Protein chains: 2
Amino acid sequence: MTLSEKDFNYVQKSIVEVQRSGRSIRKIFAAYYDEDVDIGWEVDAAVDAFEMFSSRWTIEILAALYIAGDRRFNELRTLLRGISSRTLSDKLTTCQEHGLVERVVEEGPPIRVTYRLTTHGRTCGRLLGPLVAYMKTHKELIESE
Amino acid sequence: MTLSEKDFNYVQKSIVEVQRSGRSIRKIFAAYYDEDVDIGWEVDAAVDAFEMFSSRWTIEILAALYIAGDRRFNELRTLLRGISSRTLSDKLTTCQEHGLVERVVEEGPPIRVTYRLTTHGRTCGRLLGPLVAYMKTHKELIESE
DNA sequence: CTTAGGTGCATTTTATACACTAGATACGTA
DNA sequence: TACGTATCTAGTGTATAAAATGCACCTAAG
């Protein structure tokens, strides 16, 4: 089994970039493919990191904006299956404060407000992808017994 | 810049396995390294997937067990910075129901109970790694302005 | 009296339901 | 043409429900 030339070039280029960034090829493949690997984090760092995501809705807002692209307030409300507008409003505010989301106002009337991921927000969204993909193929994890 | 022989062998082996699994090399690199990429998910799938993680503490429990390995009840309580035992107990129950965690009883006395990630749990933990690593290097996202 | 692994219960925090607002245009009709 | 009503967007206010916390307490053996 061999790589297509296109894939080969892509892989070669990526490997060079990854090396330049100081990350280990082995760790990157291992983390993605099949092995548990020490990727240099500690429980404390994880608890810190997830403090913001484990507050209900933050992670869903991020995913919705990442997948669906920039959206307006009521569009988000629909995407998130009817989260209350009160809560959506509050959560969007804290997402802005955390630098994940920016609020773009188009003067009206009617005034329209578009929510957009910042660069950080997009990165976080991207990093969540593999987990969503995994969960999607293992619905037994979602529908509790 | 070239790969060491060890890395080269590892990469080659991994690429073959990834190809056999039907996943695209390009997507794997892109998702890991620097690009936004359509990895075939929809908002609905993401909202489903995160419904369980965005409930407070679930994701932290997963991360703690993944990073620190099997732990007993009170060890988890400490790792999670003093979550109330009431809540930890409830959350561990729902994690078991979702098939992320298993409860291993060593008959006492004193009775000892060890919590351990299932295979699914370990996979989810692994997939969260890159996000934690990213957050760790971008603390400005955690400490809101 | 200690240790491990919890449960019970009152209080506090967080989310929901649902009514309601502003500011401007659009529509119906006398 | 003028008048009233209806609609749209992006929220806010407030009462209620759900979830997390703090702290006391339980069991069972050494």
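Remember, predicted model here, so these are calculated numbers, not experimental data. Just so it is clear: chains get the letters A, B, ... in the order the sequence lines come, proteins before strands, and each one is counted from 1. Computed over heavy atoms, backbone and side chain alike; hydrogens, waters and symmetry mates excluded.
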Exercise for review: Five pairs at each end of the helix from C:dC1-D:dG30 to C:dA30-D:dT1: take the axis at both ends and give me the angle between them to 10°.
Suggested key: 40°

Practice item. Round to the nearest Å and state the distance from A:Arg77 atom CZ to D:dT9 atom P. Key: 12 Å

Review point. Is A:Glu60 paired with A:Lys91 through a side-chain N to carboxylate O contact shorter than 4.0 Å?
Key: no

All N/O pairs under 3.5 Å across the protein-nucleotides 12-16 of chain C interface:
from	atom 1	to	atom 2	distance (Å)
C:dA15	OP1	A:Lys91	NZ	3.2
C:dT16	OP1	A:Trp57	NE1	3.3
C:dT16	OP2	A:Trp57	NE1	3.2
C:dT16	OP2	A:Thr87	OG1	3.1

Practice item. Enumerate the residue pairs fulfilling side chain to side chain donor-acceptor pair (under 3.5 Å) with a member in residues 72-83 of chain A, sequence neighbours excluded, ordered by first and then second residue. Key: A:Arg81-B:Asp48

Check your understanding: Do B:Glu140 and A:His98 have a side chain donor and acceptor closer than 3.5 Å?
Key -> no

Exercise for review: Spell out yes or no: do the side chain of A:Ser85 and the base of D:dT12 have one donor N/O and one acceptor N/O closer than 3.5 Å?
Suggested key: yes

Point to revise | For B:Thr93, side chain to side chain contact (heavy atoms under 4.5 Å, CB included) partners two or more places apart | key: B:Glu97

Exercise for review: Please report, rounded to the nearest Å, how far the P atom of C:dT25 is from the CZ atom of A:Arg112.
Suggested key: 13 Å

Exercise for review: Using whole Å, report how far CD of A:Glu75 lies from C1' of D:dG11.
Suggested key: 15 Å

Practice item. Please identify each residue that fulfils side chain to side chain donor-acceptor pair (under 3.5 Å) with B:Asp44, with sequence neighbours left out. Key: none

Point to revise | side chain to side chain contact (heavy atoms under 4.5 Å, CB included) against A:Arg116, all qualifying residues, sequence neighbours excluded | key: A:Asp70, A:Glu102, A:Val104

